[in-house]
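Single-structure report; data block below.
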Protein chains: 2
Amino acid sequence: METMTTEQKILKAADKIFTQKGYAATRTRDIAEEAGTNLALLNYYFGSKEKLFKNVVQGKLKMLLGAMGPALSDGQISLEEKISLITENYTNLLLENEELPIFILNELTVNRELFAKITQNTRQIAQPVLEKQLKERGFEISATDLIINVLSMTLFPFVAKPLITSSGLVKEEEFVNFVTDRKKKIIEWIIKITL
Amino acid sequence: METMTTEQKILKAADKIFTQKGYAATRTRDIAEEAGTNLALLNYYFGSKEKLFKNVVQGKLKMLLGAMGPALSDGQISLEEKISLITENYTNLLLENEELPIFILNELTVNRELFAKITQNTRQIAQPVLEKQLKERGFEISATDLIINVLSMTLFPFVAKPLITSSGLVKEEEFVNFVTDRKKKIIEWIIKITL
DNA sequence: ACTTAAATTAAACAAATGATTAAATCATAT
DNA sequence: ATATGATTTAATCATTTGTTTAATTTAAGT
């Protein structure tokens, strides 16, 4: 288990704290301590707080986009399966990484410049295939609206979790069940909308 | 126009910068400068950065919850009108305050303790009325799911705007039209889902 | 064993930052 | 006019924070 290199330990610690508190509120000393190493090693291995952050963000962004990308552009997969795949993937991913979307979305908002460089290599979300599938079956909704709706219903509960729980809409203990139950419901809802 | 008191000028400046950059990334000096006043005045009037922040947050939270609260618990308003009211209110509010939801949701996530005090006075989101209306008309969806769905489809595009635009799903220039068009669509979609 | 480079540590630096102080200015009431 | 209190300013403090430096230890190759 203790086969992690120091560099990896720092990256793991950085991942945890950056995701938890965001870039600005994170102290490099906290990362070093969490990693069980020295503060200087952070700069030794990663150069600066900002470079370390970019490293973390790149990974997180890949996780977030990776849960959607492949499914969408595959012409073999039916519409229903695509929706099912996306909600299933995201729900499972976010159950293991609850702060992931709010972290990415907030840093993306606060730090446009920093993200410009990172996201430029981000593959565009391909929708021509989806557009074609919708047209073939005579659906009126646009691919963009469909994607946004699926993402909205799936991701929003995680993004807004603190508000949802503290307002009493869903109790903290019920949250996992709530989003798990929604997986099936979302598919039905999207089908109803799309028809 | 220049009838604002210094205290108000500071609060307005704080509102702008906190919302833009979040608590941790905001420098009290920047607030003072934006307000066209002195750094010491910030502490003179508000005591500390944190107290000023709470002041700002309280206002923002009221805006965000205010757009939903009244409509929900009113038994006179029909289901369709409620949905319409909520999406209409939120879309209009967020078109004028694009960073509002991501700001609140992120600070709420990062800063649970600080928010515990603020949100304790927050009225619970009342849903018994809605629950009753749903039951009367024989709908199967729960009030919670309905509310979450409306909020998801309405708020999510604003929360995820940077991701949506940078991924090419919606172009920056088209965004206002996109969310404006969705107002009508969301109501239709929700009706379809709920039936 | 010896050499060399990589890895690690402790200490210190310089800049940034939230907060405070003390003096100066302004407004208002007597 | 004067006194009193509120407001404003400039300067300074103390701490935090990202980064660097220099010395030490570890590992690997010869």
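We name chains A, B, ... by the order of the sequence lines, and we start the count at 1 in each one. Model, not experiment: these values are computed from the prediction. Every heavy atom of this structure was used, including side-chain atoms; hydrogens, water molecules and symmetry mates were not.
- Inter-residue side-chain proximity for Phe103(B) and Asn106(A) is flagged as unmet; no heavy-atom pair is nearer than 4.5 Å.
- Salt-bridge annotation for Lys161(A) and Glu172(A): present, with a side-chain N of the basic residue lying under 4.0 Å from a carboxylate O of the acidic one.
- Residue Thr5(A) is out of contact with every strand shown, counting any heavy-atom pair closer than 4.0 Å.
- At least one side-chain heavy atom of Thr180(B) sits under 4.5 Å from a side-chain heavy atom of Leu95(B).
- By the 6.0 Å and 45° rule, Lys49(B) does not stack over the aromatic ring of Phe18(B).
- The side chain of Thr28(B) contributes an N or O atom lying less than 4.0 Å from OP1 or OP2 of dG18(C).
- Remark on DNA chain D: of its neighbouring residues Glu7(B) and Lys49(A), the 5'-side contact belongs to Glu7(B), judged by nearest-heavy-atom nucleotide.
- Between Glu33(B) and Arg27(B) there is no salt bridge, since no side-chain N of the basic residue sits under 4.0 Å from a carboxylate O of the acidic one.
- Summarising the local packing, NZ of Lys16(B) is surrounded by 12 or fewer heavy atoms from other residues, nucleotides or ligands at distances under 6.0 Å.
- Per the geometry, CZ belonging to Phe46(B) stands 16 Å off P belonging to dG18(C), to the nearest Å.
- Heavy-atom contacts of chain B under 4.0 Å fall on DNA chain D between two terminal nucleotides, which in 5' to 3' order are dA6(D) to dA10(D).
- A salt bridge links Glu80(A) with Arg137(A): the closest approach of a Lys/Arg side-chain nitrogen to an acidic carboxylate oxygen falls below 4.0 angstrom.
- Interface residues of residues 29-45 of chain B facing DNA chain D, ordered by number: Asn38(B), Ala40(B), Leu41(B), Tyr44(B), Tyr45(B); criterion, heavy-atom separation under 4.0 Å.
- The existence of a salt bridge linking Lys184(B) and Glu188(B) is excluded, since no basic side-chain nitrogen approaches an acidic carboxylate oxygen closer than 4.0 Å.
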